Amino acid sequence: MLDLGVIVANFKFLVVQGLFGLGGFAGGTLRLAIPAIVLGFVLGIFIGLARLARSRFVSLPATLYVEFFRGVPLVMVIFWIWFIIPQLLRLPIPEYGVALTAFVIFEAAYFGEIIRAGIQSVPRGQVEAATAVGLTSAQTMRFVVLPQAIRNMVPALVTQMIVLFKDTSLASIIGYVDLTKAAQIVNNREIKPFELYLFIAVVYFVFTYSMSLFARRFERRLAS
Amino acid sequence: MAGAAIEFEGVSKWFGNHQVLTDIDLAIVPGEVVVVCGPSGSGKSTLIRCVNGLEPFQRGDLVVLGDSLASAGVRMPALRTRVGMVFQSFNLFPHMTVLENITLAPVRVRGLSATEAEKTARTLLERVRIPDKAGNYPANLSGGQQQRVAIARALAMQPKIMLFDEPTSALDPEMINEVLDVMTDLAKEGMTMMVVTHEMGFARRVAHRVVFMDAGRVVEEAKPEAFFAAPKSDRAKDFLSKILSH
Ligand SMILES: Nc1ncnc2c1ncn2[C@@H]1O[C@H](COP(=O)(O)OP(=O)(O)OP(=O)(O)O)[C@@H](O)[C@H]1O
Ligand SMILES: [Mg+2]
């Protein structure tokens, strides 16, 4: 039988600490995922635009960045930042800083690719028409290319955000207390794996499913 | 030629090693309507795309409304506001209404207020005979209507020159005339026009001059009557027999 008492008794720790990150531990799934999504996306915009730059001095480093980070496991990036950066800088970095840096750097490669593909999905004729009426390249980007590109990018962006949201559970390997780690801590004490892991699965699902619902509604609004 | 609106002076252009324009000399005076024709791949699109700088060229000079495009420092966006262009595939902005398509550049480039720009846009829609489509999105218009909006969009910048690259080639036959009629009006009003088209009826009725291109060169230029009655070059004869036979 399911013993939901374990959830109720540890609700505060699991949700307030593990999910939101408000508590004594450095942690929280949302406290990591939200800035990681925002910052990763912003860095991704620069990387995506850089990949499309005419100058090879700009596009080549961006291409190498993307290929490199898409080619290595996320866990490895987390370990590097965890072990190597503090040694190089001779500075201890807290778990939160390590995890956030790793996610932003890693995910920016994926966001950059989505943004590049989205921009390239806008037909060349659109740029030519905007250029022909006298818009500068910045205005062409802002008023003609990006609005169409973003519409094409929304499904892929949301998928990537969902992946990132779930991947934050990997931060637990360096002791970061996110939702997964919180459940693990409670389970070590109470030995109720079925209830605990079912509970966090439901929490993850509620969040990711609302993200896709929101995306679907957003797409429909853009399409009309 | 003094006073030319467009003057090609020995213009040559390459795509990589492939030369697509060879020593083009051609002057078009204000108010003149020039039809450019020739076989596929002869360089017609490239030629007119040079005029508003959509294609750079490597040799010679091209003087448009007094500005030399070969010289450094010519501000292309400013020049482009004085040269309108209409494309074969319309290229309307699909995320904007007809009205927004037309007012975008006047507002963003000219700095007109939205109200002023909208007033001009509505007048232009009257002129291209679709005053009731202002609020529509391009996807809800027929090809002929879309192309007329594209013409209105170009005219909204009050250009001195209009370039047309096969404006009716993507249209169903029954829509061709509605676009040609608008272009004919424009020609009658004295617009300087360069038109790439295979609509020989339009060329006969409206053009002041026909320029025939082949393999990147201007092979022949003549008044339409002379060109159609007695083309001088064999290549033009061959081309016309193919075009007129269907
Ligand atoms: N972006 C490009 N890169 C390389 N070659 C090109 C490019 N655009 C055109 N060309 C080549 O330049 C030549 C002239 O092309 P252009 O489009 O000007 O011909 P056109 O006379 O307009 O032909 P069509 O009647 O098919 O439109 C062709 O051989 C074409 O393959
Ligand atoms: Mg062409």
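Chain naming here is simple, since letters A, B, ... match the order of the sequence lines and numbering starts at 1 in each. Since we're looking at a predicted model, the values are computed, not measured.
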Tell me, side chain or backbone of L79(B) under 4.5 Å from chain A's heavy atoms, or both, or neither? neither
Tell me, yes or no, whether the heavy-atom count around R70(A) atom CZ, taken from other residues, nucleotides or ligands under 6.0 Å, exceeds 12. yes
Whether over 12 other heavy atoms sit under 6.0 Å from F57(A) CZ: no
Please check this pair: side chain of H95(B) against backbone of F143(A), looking for a donor-acceptor N/O pair closer than 3.5 Å. yes
Taking N91(B) for its side chain and A129(A) for its backbone only, find out whether a donor-acceptor pair lies under 3.5 Å. no
Contact origin within V86(B) toward chain A - heavy atom pairs under 4.5 Å: neither
Using non-hydrogen atoms only, which part of Q139(A) is less than 4.5 Å away from chain B: side chain, backbone, both, or neither? side chain
Considering non-hydrogen atoms only, spot the tightest contact between P94(B) and Q148(A) and give its length. CG-OE1, 3.2 Å
Which answer fits F87(B), side chain, backbone, both or neither, if we ask what part of it has an atom under 4.5 Å from a heavy atom of chain A? side chain
Atom CZ of residue position F11(A) - does it have more than 12 heavy atoms of other residues, nucleotides or ligands inside 6.0 Å? no
Is it the backbone or the side chain of M76(B) that comes under 4.5 Å from a heavy atom of chain A, or both, or neither? neither
Between M157(B), M85(B), R49(B), who has the most heavy-atom pairs with chain A when the cutoff is under 4.5 Å? R49(B)
Taking the side chain as C-beta and beyond, is there a heavy-atom pair between N52(B) and T131(A) under 4.5 Å? no
For chain B, which of L135(A), V122(A), V144(A), T136(A) has the most heavy-atom pairs under 4.5 Å? V144(A)
